[in-house]
Amino acid sequence: MTTVPAEPTAAAAGANATAHFTSDKNPYEAVKDVPPARVDKLAKRVLSAIHDTIREEKVTYDEYNALKAWLIQVGEDGEWPLFLDVWVEHVVEEVATDHREGSKGTIEGPYYVPDAPECAENGVGTIPMRADEQGTKLTWTGTVTATDGTPLEDAKVELWHADNDGYYSQFEPSQPQWNLRGTFTVGEGGRFEITTIQPAPYQIPTDGSCGRLIAAAGWHAWRPAHLHVKVSAPGHELLTAQLYFPGDEHNDDDIASAVKPELILAPKPAGDGSVAVDYGFVLDPVKA
């Protein structure tokens, strides 16, 4: 049972992101057989980088204690998923997918929730939304294929995104549980057609520990407007991506460093105030 935070604060959203991460992922199972030599090497590399920074930048005890207090507060705020997904995940994703020949991906981020309801019939469907959902209507068509061009007619597209105010359902109290979250099974020829709304840009939560880092460093907190997707098909690698919109002022300085040129859409006016976009996916086969 999902617990929706009582208010859209960093601490409330952070606690929910942590709860979703621990229920959705089983990280220790995947690495249970990693040899001690690998753990030793990675731990020493991370610690060495910290030590080098301290020496090179002449870090003082006051700065060290401030860091220590801040790290403790990140955990108390439940913001480790936010911190790691915003400032670290994009490099992990880059390394993990550099072998792929198909579509580019990017970070998952902290607001994914599994098991979104099925919304498509023969590849066509509308994402769950409120009757008065604000925002520009978006009709998105595309095809899911393999790297050899074969349509993947058993593929699924999971879609989730923020609303017109920049908030995600299950992390903000006013939205229904599955608002703007859905799963779409493709139709004949791997085609799909999804009706949704164009999301808004938003700032990551700034009233918690991550916000204090942003303020102290003089950074901005903005993410450009984007659609989140996970695209899957049996025998093929899962693709996780975000799709962006041209002209957003933060496409070039996304706080999460997740924007790639290949992921920017080309929407066209549809004549009724809505927009249409065609963008498909190419999935790599699972390597034996």
Side-chain angles (χ1 to χ4, degrees), residues 5 7-21 42-97 105-112 161-162 165-168 171-172 199-226 228 240-245 247-261 263-264:
E7 54 185 21
T9 63
N16 215 34
T18 300
H20 278 299
F21 175 81
L42 293 178
K44 284 180 177 177
R45 285 289 303 272
V46 171
L47 291 171
S48 179
I50 295 172
H51 299 161
D52 288 346
T53 300
I54 293 170
R55 292 187 180 103
E56 292 170 11
E57 300 300 330
K58 306 295 184 185
V59 172
T60 68
Y61 253 106
D62 286 341
E63 291 169 331
Y64 168 72
N65 286 327
L67 172 63
K68 191 174 180 180
W70 180 79
L71 291 171
I72 293 169
Q73 191 64 48
V74 172
E76 291 179 351
D77 289 347
E79 288 203 302
W80 279 118
L82 179 65
F83 174 82
L84 292 167
D85 291 350
V86 168
W87 286 295
V88 179
E89 187 187 355
H90 69 281
V91 183
V92 179
E93 189 277 332
E94 176 187 320
V95 171
T97 64
T106 191
I107 66 174
E108 177 182 304
Y111 300 132
Y112 172 65
H161 60 80
D165 294 319
Y167 293 114
Y168 289 81
F171 295 87
E172 184 270 329
Y202 62 85
Q203 296 187 79
I204 68 168
T206 57
D207 60 310
S209 301
C210 290
R212 283 190 282 278
L213 172 62
I214 289 169
W219 300 339
H220 74 74
W222 283 95
R223 295 228 57 218
H226 55 279
H228 291 266
T240 300
Q242 297 178 19
L243 305 178
Y244 303 90
F245 296 85
D248 193 299
E249 64 177 311
H250 292 297
N251 281 341
D252 293 330
D253 65 353
D254 172 24
I255 184 64
S257 302
V259 180
K260 300 177 183 179
L263 300 176
I264 296 180

Next on the checklist: Under the rule for salt bridge (Lys or Arg N to Asp or Glu O under 4.0 Å), what residues qualify as partners of Glu93, not counting sequence neighbours?
Outcome noted: Lys260
Checklist entry - Which atom names give the shortest non-hydrogen contact between Trp222 and Asp254, and what distance separates them? => result O-OD1, 3.9 Å
Next on the checklist: The criterion is side chain to side chain donor-acceptor pair (under 3.5 Å); which residues satisfy it with Gln73, sequence neighbours excluded?
Outcome noted: Asp77
Checklist entry - Between Trp80 and Leu71, is a side-chain contact (heavy atoms from CB on, under 4.5 Å) present by the stated rule, with each step listed? => result CA-CA 9 Å; Trp80 279 118; Leu71 291 171; 3.6 Å; yes
Next on the checklist: Asn251: which residues meet the side chain to side chain donor-acceptor pair (under 3.5 Å) condition with it, sequence neighbours left out?
Outcome noted: none
Checklist entry - Should the heavy atoms of other residues, nucleotides or ligands under 6.0 Å from CG of Asn65 be counted, would the total exceed 12? => result yes
Item to check | salt bridge (Lys or Arg N to Asp or Glu O under 4.0 Å) involving Asp248 - partner list, sequence neighbours excluded | outcome: none
Checklist entry - Looking only at heavy atoms, what is the nearest atom pair of Ser209 and Val74, with distance? => result OG-N, 3.3 Å
Next on the checklist: Between Glu89 (side chain only) and Glu108 (backbone N and O only), is there a donor and an acceptor less than 3.5 Å apart?
Outcome noted: yes
Checklist entry - Between Gln242 and Tyr244, do the side chains contain an N or O donor and an N or O acceptor separated by less than 3.5 Å? => result yes
Checklist entry - Val259 and Pro224: which non-hydrogen atoms are nearest, and at how many Å? => result CG2-CG, 3.8 Å
Checklist entry - Does the side-chain contact (heavy atoms from CB on, under 4.5 Å) test come out yes or no for Asp85 and Tyr111, once each step is laid out? => result CA-CA 10 Å; Asp85 291 350; Tyr111 300 132; over 6 Å; no
Next on the checklist: Could you check whether any side-chain heavy atom of Trp219 comes within less than 4.5 Å of a side-chain heavy atom of Leu213, counting everything from C-beta outward?
Outcome noted: yes
Report, one line per pair, each donor and acceptor closer than 3.5 Å where one atom sits in a side chain of residues 42-52; sequence neighbours left out.
residue	atom	partner	partner atom	Å
Lys44	NZ	Asp40	OD1	3.2
His51	ND1	Leu47	O	3.3

Checklist entry - Can you name the closest pair of heavy atoms from Ile264 and Phe245 and give their distance? => result CG2-C, 4.2 Å
Item to check | Ala200 versus Gly166, closest heavy-atom pair with distance | outcome: CB-N, 4.2 Å
Next on the checklist: Quick check against the 3.5 Å criterion: does Asp165 have a side-chain atom that pairs as donor or acceptor with the backbone of Tyr167?
Outcome noted: no
Checklist entry - Does Thr53 offer a backbone N or O that forms a donor-acceptor pair with the side chain of Glu56 under 3.5 Å? => result no
Next on the checklist: How close do Ile204 and Val86 get, counting heavy atoms only, and between which atoms?
Outcome noted: CD1-CG2, 4.2 Å
Item to check | Donor-acceptor side-chain pairing of Tyr168 and Tyr112 below 3.5 angstrom | outcome: no
Item to check | Side chain Glu79, main chain Cys210, donor-acceptor under 3.5 Å | outcome: yes
Checklist entry - Between Thr106 and Ala258, is there a donor-acceptor pair closer than 3.5 Å when you use the side chain of the first and the backbone of the second? => result yes
Item to check | Which residues share a side chain to side chain donor-acceptor pair (under 3.5 Å) with Asp253, sequence neighbours left out | outcome: His220, His250
